[in-house]
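Below: one structure, written as C-alpha cells.
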Protein chains: 2
Amino acid sequence: MAVRYELIKTCAQTGARLGRLHTPHGVIDTPTFMPVGTQATVKGISPEELKDLNAQIILSNTYHLFVRPGHELIRAAGGLHKFMNWDRPILTDSGGFQVFSLAENRKITEEGVTFRSHLNGDKLYLSPEVATAVQNALGSDIMMAFDECPPFPAEYDYVKKSTERTSRWAERCLKAHARPHDQALFGIVQGGMHADLRRQSVMDLTSLDFPGYSIGGLSVGEPKHLMYQVLEETVPLMPGNKPRYLMGVGSPDALVEGSIRGIDMFDCVLPTRIARNGTVMTSQGRLVVRHAKYADDFAPLDPECSCYACRSYSRAYIRHLIKADEMFGLRLTTIHNLHFLVELMRQVREAIREDRLRDFRDEFFEKYGMQNNESGF
Amino acid sequence: MAVRYELIKTCAQTGARLGRLHTPHGVIDTPTFMPVGTQATVKGISPEELKDLNAQIILSNTYHLFVRPGHELIRAAGGLHKFMNWDRPILTDSGGFQVFSLAENRKITEEGVTFRSHLNGDKLYLSPEVATAVQNALGSDIMMAFDECPPFPAEYDYVKKSTERTSRWAERCLKAHARPHDQALFGIVQGGMHADLRRQSVMDLTSLDFPGYSIGGLSVGEPKHLMYQVLEETVPLMPGNKPRYLMGVGSPDALVEGSIRGIDMFDCVLPTRIARNGTVMTSQGRLVVRHAKYADDFAPLDPECSCYACRSYSRAYIRHLIKADEMFGLRLTTIHNLHFLVELMRQVREAIREDRLRDFRDEFFEKYGMQNNESGF
C-alpha cells in the first residue's frame with residue numbers, strides 16, 4: 001500500500017480528525033493544507049522555502065504538466081520529485097478539473113475528452129487511462145482519478161449522468177494504474193449539491209476500495225453554507241479508515257469549517273494567487289499591502305507571524321517592491337500566505353488534540369474579524 | 001574616514017592590484033564585482049542568496065530610489081540597509097547616469113538638472129547638493145558625486161565643457177556631504193575617449209582628495225579596445241592609495257581586462273538582465289537556456305559551477321520554468337550569473353596573489369571560447 005492513513009483521535013467538540021498520512025516520501029500530519037505547484041514549481045518560491053514554512057506536501061497539476069513540458073520529459077528526468085527538486089510527498093490532480101475550466105473546444109464522450117491546449121491550440125486527449133498513465137510517469141505519491149467536474153449551478157439530470165460517468169471512469173483508472181505499490185490513487189466523489197447523488201457517488205467509489213477519497217465539485221461558485229451542507233451530508237458516508245480530501249478549498253474559514261466536518265486534506269491556489277496581487281492573510285484579517293496607507297508602515301505584514309517575510313521585512317518595503325514590479329515582493333507575500341495557512345492547520349491539529357476545535361474556531365473567527373461569517377476570500 | 005583602501009600586492013605579470021576595502025558594513029576583497037539592486041532589491045533574489053553566492057557589496061540606484069519610494073521614506077525606515085535587510089556594504093550611484101539615460105525632458109544648467117520622472121512624468125530636480133542629500137538619507141557606505149555622463153560619440157568641445165562642469169559639481173558634492181565619517185564620497189572621472197580630458201578630470205578630482213575615484217562614461221557604446229585604451233591612459237594617473245571603480249562594466253572579459261589595468265571595483269546590470277532573458281554565463285561560454293536544444297538536457301547550467309542553481313536543477317527544468325513564465329526560473333539564472341562573476345573575481349584575486357593574472361586571462365579566454373577577443377556580451 002503506497003499510502004496509509006493513521007487516525008490518532010477525533011475531536012470531542014467536533015467531527016474533526018487528527019491523523020497521519022504515511023507516504024513513500026514521508027509522513028503528513030492531518031488535517032493539512034497543500035500548497036499548489038501548478039507547473040512543477042510553487043509560484044515564486046523554492047523547495048527550501050516550502051520546507052522552511054513547514055509544508056509537508058504539495059500539489060501539482062497533471063493537465064499543465066501534460067501540456068508543458070510533457071510527462072515523458074518528466075519521466076526521463078527521473079520523475080516529478082527529481083525534476084523539481086522536491087523530496088517530500090506530491091499529490092497530482094487528474095486534469096479533470098482543468099479540462100473543464102481551462103481547455104478550449106472540449107468534447108466529452110464515454111471514452112474520454114478531446115480538447116484544445118490553452119497554450120497553443122494543439123488538439124489533445126485525456127481519458128481515465130491517459131490521465132492515469134501521465135500520473136504514473138510523474139511519479140506522484142498520491143494520484144487522482146480522472147473525473148468530470150459539473151459546473152454550479154447545473155441541472156439535476158446532467159449532474160446525475162456526469163456523476164455516474166465519473167464512477168465508471170474511476171473504475172477504469174484503477175484498472176489502468178500501473179504502480180499501485182508506489183503511488184496511491186484516490187477516487188473523487190462528485191454529485192454536485194445533491195445529497196442523493198453524493199451518496200450514490202460515495203457508494204460507487206467505496207465499492208472499488210480506493211486508498212483515499214476526495215470531494216470534488218465544491219468551491220465552484222456556490223455559497224459557503226451550501227458547501228458545508230454538502231460536507232455534512234457526504235463526509236459521514238465516507239470510510240473512517242481512509243483520508244478525506246476536499247479539493248480546491250483554501251480560505252482560512254473554510255479550512256477550519258472543513259476540518260470540523262472531518263476533512264483531512266485541502267489544496268487551493270488562493271494563498272499564492274492573492275499574494276501575487278499584493279493581498280495577504282493575517283491574524284487580524286485580510287490586508288491589501290499594495291494600498292497607499294501602508295507606504296510608510298514599518299510593521300511586518302502580521303506582527304504575530306514568524307515567517308521569513310515577517311521576520312525581516314516591513315509592509316512599506318513589500319509595498320514598494322510590489323509597486324515597483326519586483327519579483328522579490330511576490331516571493332515575500334507568497335511565503336507569508338502559505339505560512340499563514342500551514343500554521344493555521346498546525347493550530348487546528350493542536351486544537352483537535354486538546355478537544356477544543358469549536359472554541360478555537362470561535363476565537364479565530366472573532367480575532368480575524370469575520371464579516372457575515374466569511375473571511376473575505 | 002568611512003572607507004579605507006588597503007593594497008595587499010600588485011601582480012608581477014600585470015598592473016592588477018589585490019586589496020581590501022574597509023567600510024562601515026564590512027570588508028570587501030578587491031578586485032570585486034558588485035551586483036546591482038536598482039530598486040532596493042537585486043531583481044529576483046534575496047539578501048541571503050546574495051550572501052550564499054559570496055557577494056560582499058551591492059550597488060543601488062539613487063535616481064530610482066529618489067523617484068520611488070523616495071529617500072525620505074527610506075530615511076524613516078532607518079536607511080537603505082535596514083529597509084532592504086542587507087547588512088553588508090552598499091554603494092549608491094549619484095543618479096547622474098540615469099538622468100541622462102532614463103529621464104525625459106531634461107534641462108541641464110550649471111546649477112543642476114530638471115527632468116521628468118520616467119514613471120509618471122512628475123517634474124523633478126537633481127543637483128550636486130540634492131544627489132548628495134539623497135545619498136546621505138539612504139546611508140550607503142559609498143556615495144558617488146553627481147556627474148554628467150556624455151554620450152558616445154560626442155564632440156570634443158561638448159565633452160570638455162561637460163567634464164569641467166562635472167569637476168565643479170564634484171566640489172559642490174564634497175561641500176554638501178553631511179556624513180563624511182559614515183559615508184565615503186567618490187569622485188567620478190569623466191572625459192569621454194579623450195586622453196587630455198581624462199587627465200584634466202583626474203587632476204581636478206585628485207586635488208579635491210576624494211577617498212576613492214571611479215571612471216565613468218565608459219561602456220556607453222564604444223568598442224572594448226577603446227575602453228581599454230582609456231583605462232591604460234587614465235588609471236596610471238590615479239592615486240595608488242585609493243580604490244578605483246570602473247562604472248557599468250560587467251562582461252567576463254572586461255572584468256579580467258579591467259583588473260589587469262588596475263581597476264578594483266566593477267558593477268553592471270548585465271548578469272541579472274540577461275538572466276531574466278534566459279541567458280547564462282558558463283565556463284564554456286554563453287548559453288541560452290531558453291533554446292529548444294536544452295529541453296531534455298538534464299545537465300546543470302554549468303557542470304563546473306557550484307552555485308545553488310547548478311547544485312540542484314537541470315537545464316531542462318530551468319528552460320521549462322522560463323518557457324512557462326515561472327519566476328523561480330529567473331531566480332535560478334540570476335543566482336547562477338551573479339555567482340559566475342563573483343567566483344570569477346575570486347579567481348582573479350587568486351591569480352594576482354600568485355602573480356599569474358596574464359596566464360589566467362589566456363586560459364580563461366581560451367576555455368570560454370572567446371570570439372574576436374570578445375565574450376559575446
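The sequence lines fix the lettering, A, B, ..., with proteins before strands; numbering per chain opens at 1.
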Option in A:Ile74, A:Ile45, A:Val42, A:Asp296 with maximal non-hydrogen atom pairs under 4.5 Å from chain B: A:Ile45
Nearest non-hydrogen partners of B:Thr41 and A:Tyr317, listed with the distance: CB-OH, 3.6 Å
Segment of B:Leu119 engaging chain A (4.5 angstrom heavy-atom cut-off): neither
Salt bridge present between A:Arg331 and B:Glu49 (N-O < 4.0 angstrom): yes
Atom group of A:Leu73 that falls short of 4.5 Å from chain B, counting heavy atoms: both
B:Ala324 backbone acceptor or donor facing A:Gln39 side chain under 3.5 Å: yes
Contact residues of residues 82-101 of chain B (partner chain A; heavy-atom separation under 4.5 angstrom): B:Phe83, B:Met84, B:Asn85
Results of ring-ring contact (aromatic ring centres under 6.0 Å, His included) for A:Tyr308 - residues two or more places apart only: A:Tyr313
Options B:Gly44, B:Ser46, B:Ala76, B:Ala316, ranked by heavy-atom pairs under 4.5 Å with chain A, top entry: B:Ser46
Atom group of B:Ala40 that falls short of 4.5 Å from chain A, counting heavy atoms: both
Closest non-hydrogen atom pair, B:Met327 against A:Lys43: CE-C, 4.1 Å
Side-chain (B:Arg68) to main-chain (A:His320) donor-acceptor, under 3.5 angstrom: no
Interface moiety of B:Arg276 toward chain A, non-hydrogen atoms closer than 4.5 Å: side chain
